[in-house]
Each structure stands twice: as C-alpha cells, then as structure tokens.
**Q** 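The structure is given below, and queries will be raised subsequently.
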Amino acid sequence: MPHFDPFYADKLRGAHGAADADTILDLRGHTSPQADAAIREMLERSRFAQGGTVAIRLSPPPEGGGETLFQPVGRQLLEARRAGAIEQLQTLPSGDGLGFFVVLTGRDAAST
C-alpha cells in the first residue's frame with residue numbers, strides 16, 4: 001500500500017469536513033423520525049435559498065454495536081441527490097465523526 005503525505009491523502013478522500021461547511025446539522029441523539037423531519041426541512045429550505053454546504057453529524061454506533069442513522073439518512077440524501085436538490089454528497093472525514101458533507105443545489109439561478 002503506497003504511503004501518501006496527509007495533504008495528498010486528504011485530496012484523494014475529498015476531505016471536506018465540518019469546518020468547511022456553511023452550516024452544521026447536528027442529528028446526534030435524534031430518533032429516526034426526528035432526523036427524517038430535519039433532513040426534509042433542510043432540503044425544503046434550500047429550495048428557496050442560494051446553494052450552500054452542510055455538514056450533517058450523526059451519533060456513532062452504541063457500545064457493542066447497533067443501528068445508527070447513517071443508512072436511513074444516507075438513503076434520504078441519495079434520493080435528494082437523484083432529484084437534483086443535492087449537488088455533491090460525501091461522508092465526513094473520520095476525524096469529524098460519523099456524518100455527511102452535502103453541497104445543496106439551492107434555488108435555480110435562472111429563477112432569480
């Protein structure tokens with residue numbers, strides 16, 4: 001396995017972290033229905049605003065394993081990406097914990 005300088009390794013991983021985001025949506029400690037509602041609200045608000053970036057933070061798996069919000073939130077974000085509401089979607093770097101970095105499309109520039 002080749003060794004990469006941390007700078008270049010971050011470039012390969014696309015290291016957009018929580019510090020790079022315009023907004024942080026912290027869903028740690030939320031239930032699945034609460035997270036679903038928060039994501040829907042974020043996407044709805046983005047329809048009427050300029051595009052921006054959001055770091056979505058999720059709780060890590062509980063001690064001994066168990067379910068997290070990673071899959072349901074990920075599916076919801078992928079669906080929004082297919083619908084055109086999200087321009088870019090990636091996971092947060094490991095140093096930022098579990099979550100996603102999202103670039104929202106925002107309102108259409110032609111409609112302004």
**Q** Under 4.5 Å between any side-chain heavy atoms of Arg107 and Arg47, yes or no?
**A**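 They are not in side-chain contact.
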
**Q** Please report the interatomic distance CD1(Ile39) to CG(Leu25), rounded to the nearest 0.5 Å.
**A**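 Output value for this atom pair is 5.0 Å.
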
**Q** Would a single hydrophobic cluster contain both Leu89 and Met42, if residues Ile, Leu, Val, Met, Phe, Trp and Tyr are joined by side-chain heavy-atom contacts under 4.5 Å?
**A**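 Met42 and Leu89: one cluster.
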
**Q** For a quick test of your reading: what N or O donor-acceptor pairs under 3.5 Å do the side chains of residues 65-79 make, sequence neighbours left out?
**A**
from: Thr68; atom 1: OG1; to: Phe70; atom 2: N; distance (Å): 3.2
from: Gln76; atom 1: NE2; to: Asp36; atom 2: O; distance (Å): 3.2
from: Gln76; atom 1: NE2; to: Asp36; atom 2: OD1; distance (Å): 2.9

**Q** With sequence neighbours left out, which residue pairs that include part of residues 72-95 fulfil the ring pair (Phe, Tyr, Trp, His ring centres under 6.0 Å) condition?
**A**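 Sorted result for residues 72-95: empty, none.
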
**Q** Is a side-chain N or O of Thr105 found less than 3.5 angstrom from the main chain of Gly84, in a donor-acceptor match?
**A**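 A pair under 3.5 Å: yes.
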
**Q** Should side-chain heavy atoms under 4.5 Å link Ile, Leu, Val, Met, Phe, Trp and Tyr, which residues sit in the same cluster as Val103?
**A**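 Direct or chained contacts put Val103 with Leu92, Phe101.
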
**Q** Apply side-chain hydrogen bond (donor to acceptor under 3.5 Å, both in side chains) to Glu41 and list each qualifying residue two or more places apart in sequence or on a separate chain.
**A**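 If we apply the side-chain hydrogen bond (donor to acceptor under 3.5 Å, both in side chains) test to Glu41, skipping adjacent residues, the hits are Arg45.
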
**Q** Is there a side-chain contact between Leu98 and Thr91 (heavy atoms, below 4.5 Å)?
**A**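 Result no, sub-4.5 Å side-chain heavy-atom pair not found.
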
**Q** Just list the side-chain donor-acceptor pairs under 3.5 Å for residues 53-61, sequence neighbours left out, or say none.
**A**
from: Thr53; atom 1: OG1; to: Asp22; atom 2: N; distance (Å): 2.8
from: Thr53; atom 1: OG1; to: Asp22; atom 2: OD2; distance (Å): 3.3
from: Arg57; atom 1: NH2; to: Asp96; atom 2: O; distance (Å): 2.9
from: Ser59; atom 1: OG; to: Gly29; atom 2: N; distance (Å): 2.8

**Q** Excluding sequence neighbours, so at least two apart, what forms side-chain hydrogen bond (donor to acceptor under 3.5 Å, both in side chains) with Thr31?
**A**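 Applying side-chain hydrogen bond (donor to acceptor under 3.5 Å, both in side chains) to Thr31 gives Gln34.
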
**Q** What is the minimum heavy-atom distance between Leu27 and Ala35, and which atoms define it?
**A**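 Closest heavy-atom pair between Leu27 and Ala35: CD1-CB, 4.0 Å.
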
